[in-house]
Amino acid sequence: QVQLVQSGGGLVQPGGSLRLSCVASGTIFSINSMGWYRQAPGKQRELVAKVYSNGLTMYEDPGKGRFTVSRDNAKRTGYLEMNLLKPEDTADYYCKADLSTTTGRRDYWGQGTQVTVSS
């Protein structure tokens, strides 16, 4: 069973930091791109950042300069480091990975983790 398992969410004060992890498990031939998304209450899911197989990273404006996306291929893990967190960063955060498996290539979603930024 191919899965993405997330961890690292929680409650943090404004200005604080969190690091989210996304671990890919199962029979996986390659991990292509890995993206991070978030969905705030009552809002649509939005892309936060993405790292591609060639190492290119991209950041959407809300986290640009504060967030860092990375991957450790040996650990089959992607990370989203979030610094200088703001209340408006409060959301459910999801990782999505483009994986090549025994059934072909497609996107897989993590289960999500809640990030709450509040005093």
Side-chain angles (χ1 to χ4, degrees):
Q1 176 80 299
V2 175
Q3 292 180 292
L4 298 178
V5 180
Q6 298 181 231
S7 62
L11 175 65
V12 64
Q13 292 189 328
S17 299
L18 284 174
R19 187 175 77 161
L20 307 183
S21 298
C22 179
V23 181
S25 64
T27 303
I28 300 168
F29 300 144
S30 64
I31 302 175
N32 303 302
S33 65
M34 178 173 285
W36 290 89
Y37 299 75
R38 69 185 184 186
Q39 188 166 15
K43 305 296 184 181
Q44 291 187 328
R45 189 175 300 175
E46 64 176 357
L47 176 66
V48 176
K50 184 174 287 188
V51 58
Y52 296 90
S53 59
N54 62 2
L56 177 67
T57 57
M58 298 184 66
Y59 301 89
E60 296 298 320
D61 286 340
K64 191 174 298 181
R66 300 184 296 124
F67 296 178
T68 302
V69 63
S70 61
R71 57 194 289 174
D72 186 331
N73 290 330
K75 296 181 179 180
R76 302 205 299 182
T77 303
Y79 303 95
L80 180 68
E81 294 187 56
M82 302 184 292
N83 302 305
L84 299 171
L85 283 162
K86 306 173 182 179
E88 50 263 46
D89 295 319
T90 296
D92 292 328
Y93 284 73
Y94 300 86
C95 60
K96 185 187 76 173
D98 178 7
L99 304 179
S100 295
T101 71
T102 57
T103 60
R105 176 174 174 174
R106 74 169 181 88
D107 290 335
Y108 290 78
W109 287 91
Q111 84 279 15
T113 186
Q114 187 175 95
V115 172
T116 302
V117 184
S118 177
S119 299

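This is a predicted model, so every value here is computed, not measured.
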field: Leu85 vs Phe67, side-chain contact (heavy atoms from CB on, under 4.5 Å): CA-CA, chis, key distance, verdict
entry: CA-CA 9 Å; Leu85 283 162; Phe67 296 178; 4.0 Å; yes

message: Set out, in order, the CA-CA distance, both residues' side-chain angles and the distance that settles side-chain contact (heavy atoms from CB on, under 4.5 Å) for Ser118 and Leu11, then state yes or no.
response: CA-CA 7 Å; Ser118 177; Leu11 175 65; 4.3 Å; yes

task: Let me see the working for Asp89 and Arg38 under side-chain contact (heavy atoms from CB on, under 4.5 Å), right down to the final yes or no.
output: CA-CA 9 Å; Asp89 295 319; Arg38 69 185 184 186; 2.9 Å; yes

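Under the salt bridge (Lys or Arg N to Asp or Glu O under 4.0 Å) criterion, Asp107 pairs with Lys96, not counting sequence neighbours. Listed by chain and residue number, nothing satisfies the ring-ring contact (aromatic ring centres under 6.0 Å, His included) test with Tyr94 (two or more places apart in sequence, or in another chain). Legend: residues meeting side chain to side chain donor-acceptor pair (under 3.5 Å) with Asn83, ordered by chain and number and at least two apart, are Ser17. Scanning for side chain to side chain donor-acceptor pair (under 3.5 Å) contacts around Thr103 gives Thr101, with sequence neighbours left out. Partners of Arg76 under the side chain to side chain donor-acceptor pair (under 3.5 Å) rule, at least two apart in sequence or in another chain, do not exist in this structure.
Counting heavy-atom neighbours within 6.0 Å of Gln44 CD, excluding the residue itself, gives a total of 12 or less.
Within the structure, ring-ring contact (aromatic ring centres under 6.0 Å, His included) contacts touching residues 5-62 (residues at least two apart or in different chains) are Tyr37-Trp109.
Between the OH atom of Tyr108 and the CD1 atom of Ile28 there is a distance of 8.0 Å, given to the nearest 0.5 Å. In this structure, Thr77 OG1 and Met34 CE are separated by 7.5 Å, a value rounded to the nearest 0.5 Å.
Panel note: side chain Gln114, backbone Gly9; no donor-acceptor pair is recorded below 3.5 Å. Looking only at distances, no side-chain donor or acceptor of Gln6 sits under 3.5 Å from a matching main-chain atom of Leu20. Distance alone, capped at 3.5 Å, is enough to place a donor-acceptor pair between the Asn32 side chain and the Asp98 backbone. Formation of a donor-acceptor pair under 3.5 Å by the Arg71 side chain with backbone atoms of Ile31 is found in this model.
In the hydrophobic clustering of this structure, Val115 groups with Leu80; members are Ile, Leu, Val, Met, Phe, Trp, Tyr whose side-chain heavy atoms approach within less than 4.5 Å, directly or through other members. Val48 and Val51 fall within the same hydrophobic cluster, defined by Ile, Leu, Val, Met, Phe, Trp and Tyr side-chain heavy atoms under 4.5 Å apart, directly or through other members.
Across Glu60 and Leu47, no two heavy atoms sit closer than the pair CG-O, 3.2 Å. In terms of heavy-atom proximity, Leu18 sits nearest to Gly8 at CD2-O, 3.7 Å. Nearest approach of Thr90 to Ala40, heavy atoms of both residues: O-CB, 3.7 Å.
Between Lys64 and Asp61, at least one side-chain N (NZ, or NE/NH1/NH2) sits under 4.0 Å from a carboxylate O, which counts as a salt bridge.
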